[in-house]
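Here the structure comes first, spelled out in structure tokens, and everything after it is commentary.
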Amino acid sequence: MKLSTKKAIESKFNKHKLPRFGKLKIKEITRPYCQKMINKIAQMIKSVNDIKIQANQVFKYALKMDIIDRNPLEHVTIPRQQNETIINEENEADGRNYWKKEEIREFLTITKRELDFRDHILFHLLIYTGARKGEVLALTWDDIDFETGSIRLNKTLFHHEGEFIFQTSKTRESRRLISLDTKTLALLNKWRVRQNVGCWISNAVSLSKCGQFPIKWTVKQLYLNGS
């Protein structure tokens, strides 16, 4: 199990399961109580099935060890998401989970004007590649082919207990090669030129903020001025 997966499971366990089950004796937990809790969690997160699966493992083990006589999560159902809202022009923005082209252009215009150039590129890559934040922050220049106009996503940067850790992608489908448009390539090339000014010798694309990995690591180990 990858460290990021373990951390995600622990986070859900501490946030959703412990507050509802932690103070109860396992023999006191009933099926109606479990159904009530699942209903409440379903109103908060979409991944309620993950919560049920993980909690079910605890009850199955207790059943196997003869601690309980029956599994209170058995026959507990996940409520269906009801969406009866009629989408019209007034509530369309609330009913969709994507941006239109003009909204993307407006957002990137603002980031270009208000943010550092590095942060503007970060948002540009997130939008135009569909990559996750950790995938973009883990990029190295070897992952970008300016001749073929492509970018390879095969790893992610993960933060754990104050440290930044590289992880390979979870599945084969997560490792992918994406074509880049000319504007994105031009922005990346401009960032590479800026990054190399001042005796920088680094393969990291370094889109993290200053003082965080990989820039902190790069400054410490690869900046040769005065060393």
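Side-chain atoms are counted along with the backbone in the values below, which use heavy atoms only and exclude waters and symmetry mates.
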- Note on the structure: The reported gap from CZ in Arg105 to CH2 in Trp99 (rounded to nearest 0.5 angstrom) is 13.5 Å
- Asp50 backbone acceptor or donor facing Ser47 side chain under 3.5 Å: no
- Task: Evaluate the side-chain contact (heavy atoms from CB on, under 4.5 Å) criterion for residues Phe21 and Val58: first the C-alpha distance (whole Å), next the side-chain angles of each, then the deciding distance (0.1 Å), finally the verdict.
- Result: CA-CA 11 Å; Phe21 296 100; Val58 176; over 6 Å; no
- Under 3.5 Å donor-acceptor, Asn56 side chain and Lys52 backbone: no
- side-chain contact (heavy atoms from CB on, under 4.5 Å) evaluation trace for Cys34 with Ile29: CA-CA 7 Å; Cys34 289; Ile29 300 175; 3.5 Å; yes
- Message: More than 12 heavy atoms of other residues, nucleotides or ligands under 6.0 Å from CZ of Arg152: yes or no?
- Response: no
- Message: Are Leu177 and Trp141 connected into the same hydrophobic cluster when the rule is that any two of I, L, V, M, F, W, Y join if their side-chain heavy atoms are below 4.5 Å apart?
- Response: no
- Query: Is it the case that more than 12 heavy atoms not belonging to Gln54 sit under 6.0 Å from its CD atom?
  - Reply: yes
- Heavy-atom side-chain contact between Glu28 and Tyr33 under 4.5 Å: no
- Query: Can you tell me if NZ on Lys17 sees more than 12 non-hydrogen neighbours from other groups inside 6.0 Å?
  - Reply: yes
- Exam field: side chain Lys112 to backbone Phe107, donor-acceptor pair closer than 3.5 Å: no
- Please report the shortest heavy-atom distance between Pro72 and Ile68, naming the atom on each side. CD-CD1, 4.1 Å
- Item | Ring geometry between Phe117 and Trp191 (parallel below 30°, tilted from 30 to 60°, perpendicular above 60°) | tilted
- Between Arg132 and Glu135, is there a salt bridge with N-O shorter than 4.0 Å? yes
- Within a strict 4.5 Å, meaning less than it, do heavy atoms of the Leu125 and Leu188 side chains meet? yes
- Query: Does Asp181 use its side chain to pair, donor to acceptor, with the backbone of Lys183 at less than 3.5 Å?
  - Reply: yes
- Do Lys23 and Leu18 come within less than 4.5 Å of each other through their side chains, counting heavy atoms only? no
- Query: What do the steps show when you test Arg113 against Thr109 for side-chain contact (heavy atoms from CB on, under 4.5 Å), and what is the final call?
  - Reply: CA-CA 6 Å; Arg113 183 179 67 245; Thr109 298; 4.1 Å; yes
- Message: If we check side-chain contact (heavy atoms from CB on, under 4.5 Å) with Ile151, which of these qualifies: Leu139, Thr184, Asp145, Val136?
- Response: Leu139
- Joint hydrophobic cluster, Leu73 plus Ile53, side-chain heavy atoms closer than 4.5 Å: no
- What is the distance from atom NZ of Lys27 to atom CG of Asp69, rounded to the nearest 0.5 Å? 7.5 Å
- Pairwise distance CG(Asn189) to OG1(Thr182) - rounded to 0.5 angstrom: 12.5 Å
- Evaluation steps, side-chain contact (heavy atoms from CB on, under 4.5 Å), between Ile144 and Phe146: CA-CA 6 Å; Ile144 302 168; Phe146 286 92; 3.8 Å; yes
- Task: Search all heavy atoms of His75 against all heavy atoms of Gln35 and return the closest pair with its distance.
- Result: O-OE1, 4.4 Å
- Item | Spatial distance of atom CD1 (Ile127) from atom CG (Leu122) [nearest 0.5 Å] | 10.0 Å
- Item | Atom of Leu108, atom of Thr111 and distance for their closest heavy-atom approach | O-OG1, 2.9 Å
- What are the two closest non-hydrogen atoms of Leu126 and Ala131, and how far apart are they? CD2-O, 3.4 Å
- Task: Assess whether salt bridge (Lys or Arg N to Asp or Glu O under 4.0 Å) is satisfied between Lys155 and Asp143, documenting all intermediate values.
- Result: CA-CA 10 Å; Lys155 56 188 176 297; Asp143 297 321; 2.5 Å; yes
- Value rounded to 0.5 Å, distance of CG in Leu180 from CG in Leu185: 5.0 Å
- Query: To the nearest 0.5 Å, what is the distance between CD1 (Ile51) and CE (Met37)?
  - Reply: 13.0 Å
- Of all the heavy-atom pairs spanning Ile38 and Thr77, show the shortest one and how long it is. CG2-O, 3.8 Å
